[in-house]
There are 2 protein chains.
Amino acid sequence: MTMSDVARLAGVSKMTVSNVVNNRAGVSEPVRRRVMEAIRQSGYRVNVSARTLRSGRTGVIGLAVPDIDSPYFGHLASHVIDEAGQRGFHVAIEETGAAATGEADAIAHSRTLQFDGLILSAVELNRRDDLTDADYPIVMLGEQDFGGRFDHVAMPNEEGTKAATAHLVDQGCSRIAIVTGGLEGVNMVTRRHEGYLAALAERGLGHDPALHFALADMSMEAGWDAAQRIADRDRPVDGVVAVTDTVAQGVLRGLADRGLRVPDDVRLIGFDDIPGAKFMVPSLSTVAPDHGWMAAKAVELVADRIHTPLRPAGQYVAPFKLEIRESTR
Amino acid sequence: MTMSDVARLAGVSKMTVSNVVNNRAGVSEPVRRRVMEAIRQSGYRVNVSARTLRSGRTGVIGLAVPDIDSPYFGHLASHVIDEAGQRGFHVAIEETGAAATGEADAIAHSRTLQFDGLILSAVELNRRDDLTDADYPIVMLGEQDFGGRFDHVAMPNEEGTKAATAHLVDQGCSRIAIVTGGLEGVNMVTRRHEGYLAALAERGLGHDPALHFALADMSMEAGWDAAQRIADRDRPVDGVVAVTDTVAQGVLRGLADRGLRVPDDVRLIGFDDIPGAKFMVPSLSTVAPDHGWMAAKAVELVADRIHTPLRPAGQYVAPFKLEIRESTR
DNA sequence: TTGTATGCGTTATCAG
DNA sequence: CTGATAACGCATACAA
């Protein structure tokens, strides 16, 4: 069922059908009706591939995340789909598996599949990697630092973690652990660690490297494991800053398994404000970045760059607020 | 940068380039090397739209879910992406918003965007709806009943809920509430309710309609709300079957807010085994369907139907097991 | 206001 | 084993 078929059915040329389909001016009302009727009867649909081949645009933007099977990225993806939809874009989601190769592949795929642009939530790729695709509309979302080469919508990593840590101090905590990843490079983990250190310094508390608990990955399992190590310590900890809410959920469970009560024995604060945070027992205090704002900004930036390829890269940081809940009361 | 350019660079015809790109037999080794080198130098990529226009296949399958911002569908989507990737398909995710219109739109979109097939996790569309697209490869995933018109990979709704309810009885519960949706039609809610009734009957317990707590939607908020109504009752409840783990999480939190202890005062069991279930406090007992199996089956069915359009529709039910955790100990 | 010719980049077919 | 040619379905430019 092609435009030609519809044209024959309506007794017009296929160009007229094209004009009707694309709502172009210059078609008389009676002809338009006849064509619409022919379309309805025949069940005709435009062939997007043919249109794309001609126009060079697919109307699809890619969204590459480490893992949609995680509340945070699921939540973010949901916002991105919304925003993109409002601008007439479809979203294709790609999983990178939190690996630099997966992230590089996502860029290659995105071009191969001819997405109009890509929103990449990179956690491994960084400025040292050889990214030669800076001409293609890519927006970096999240944590990594690319030295200003790409549009970048960042999380309030330092500011947020600093506020979280300061909050723990203000609640009376003095031996505050941080549960996070390794400290190489410039990324989410190190940025958040900086915020932690800054708050301790500002509040006049010393910093004890033994209170840095490293994770194998950003999972609940890893958080649980860190909680075991925390509970094993001789000198108790009275506050924990978890690098994400997902990790915090594992910590919460791990502490419960060791009979440590939150917040009575240990106060705990996370980062992200995932949907489940306020339903945990106890409910989880957390740094709540404005996910809707991030998604909107990212989509706006890709859309904008598709239209204006040479605009200089923009750097943005999402606003946040501290959600104080039971885990730090 | 097109095939013709590469062909000129390599001193061959574009057909030969096509043959190399598609790993087709019948290209001599020296020519193949020359072409590969030309591709490398020029940074050529195939134009997927052109290929699609010619071949009629996009290599993309759509996955329509109510909401990826939910642990269950995020988890499922992750599995589907994996499985599809292994078969050389890309996945485009669409959100339906748990509405019949959204679900119908997803089908239309899927065809317009020329996906090779669609996996539709329908929660509202049902057999009475006018679905004229049965010729296009659609696999229904989940709950709704379509009277055998589509390939269907179902959850073990009745069997699972029956086992869950029986387990509560075996743990000594006698006044068991069910927290779920309204009881119209044949869908996840009613199927699971049937399982609940079947277990009560089998165990010789009466059924009290007052113990049916209806939800506005399948959210944690709604679960929390149901828990308030449960706590408000004069005659206490000693067991709760929640229609999903997400709802159960809300119930758990709602009971905690009312000072009811799980499992001491009330035992609670969910459905789905979302990633967070075993990290809740207390950890959540649940019906654990084999998500990997479901995803694999669904992808297999679409792939198969793309190849064999006229095969009769198949009906499958996912295997499950009961995960017994603290909430029902 | 409507129609005709042409080409987008690829692949199927068939000839060399 | 390699190449020429003709589609795939649509939209641009221009003619009528």
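Order of the sequence lines fixes the chain letters, A, B, ..., with proteins taken first and strands second; residue numbering starts at 1 for each chain. This is a predicted model, so every value here is computed, not measured.
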> Strictly below 4.0 Å: does A:Ser28 bring a side-chain N or O up to OP1 or OP2 of C:dT2?
yes

> Taking OH from B:Tyr44 and P from C:dG9, how many angstroms apart are they, rounded to a whole number?
10 Å

> Could you tell me whether B:Val46 contacts a base, only the sugar-phosphate backbone, or nothing, with contacts defined as non-hydrogen atoms closer than 4.0 Å?
sugar-phosphate

> Considering only heavy atoms of chain B and a distance under 4.0 Å, specify the first and last nucleotide of DNA chain D in 5' to 3' order that meet this criterion.
D:dC1 to D:dG9

> In this structure, which one of A:Ile107, A:Leu63, A:Leu141 forms a side-chain contact (heavy atoms from CB on, under 4.5 Å) with A:Leu120?
A:Ile107

> Between B:Lys14 and B:Asp5, does any side-chain N to carboxylate O distance fall below 4.0 Å?
no

> Starting from the 5' end of DNA chain D, give me the residue, A:Ala50 or B:Glu29, whose nearest nucleotide shows up first.
B:Glu29

> Among pairs that include at least one residue of residues 30-40 of chain A, which meet side chain to side chain donor-acceptor pair (under 3.5 Å), considering only residues two or more places apart or in two chains?
A:Glu37-A:Arg40, A:Glu37-A:Gln41

> Within this structure, what is the NZ-to-P distance between B:Lys14 and C:dT11, rounded to whole angstrom?
10 Å

> Across the strands shown, which category fits B:Asn22 at heavy-atom distances under 4.0 angstrom: base, sugar-phosphate, nothing?
sugar-phosphate

> B:Met1 has an atom CE; how far is it from atom P of C:dC8, in whole Å?
14 Å

> Name the nucleic acid region contacted by B:Arg24, choosing base, sugar-phosphate or nothing; use a 4.0 angstrom heavy-atom cut-off, strictly under.
sugar-phosphate

> Using a distance-only test with no angle check, is there a side-chain donor-acceptor pair under 3.5 angstrom linking A:Tyr44 and A:Thr2?
no

> Quick check for you: among C:dT2, C:dG9, C:dT11, whose closest atom lies nearest to any side-chain atom of B:Ser18?
C:dT11

> Describe the nucleic acid contact of B:Ser55 in one word from base, sugar-phosphate, nothing, applying a heavy-atom distance below 4.0 Å.
nothing

> Given ring-ring contact (aromatic ring centres under 6.0 Å, His included), test A:Tyr72 with A:His291 step by step and report yes or no.
CA-CA 9 Å; A:Tyr72 171 63; A:His291 295 118; 5.4 Å; yes

> Checking all strands, does A:Arg54 fall into the base, sugar-phosphate, or nothing category for heavy-atom contacts under 4.0 angstrom?
base

> What's the CG-P distance between B:Asn23 and C:dT11, to the nearest Å?
12 Å

> Indicate whether any N or O donor in one side chain lies under 3.5 Å from an N or O acceptor in the other, for A:Arg191 and A:Asn157.
no

> Determine the contact category for A:Met3: base if any of its heavy atoms lies under 4.0 Å from a base atom, sugar-phosphate if only primed atoms, P, OP1 or OP2 are that close, otherwise nothing.
sugar-phosphate

> Please state how far atom CG in B:Asp5 lies from atom C1' in C:dG9, giving the value in whole angstrom units.
10 Å

> Can you find a side chain N or O atom of B:Thr2 that sits less than 4.0 Å from OP1 or OP2 on C:dG9?
no

> Pick the nucleotide of DNA chain C nearest each of A:Val12 and B:Leu53; which residue has the one closer to the 5' end?
A:Val12

> Over how many whole Å does the gap from B:Asn47 atom CG to C:dG7 atom P extend?
18 Å

> Taking side chain to side chain donor-acceptor pair (under 3.5 Å) as the cut-off, I'd like each qualifying pair that reaches into residues 76-88 of chain A, sequence neighbours left out, listed once.
A:Ser78-B:Glu95

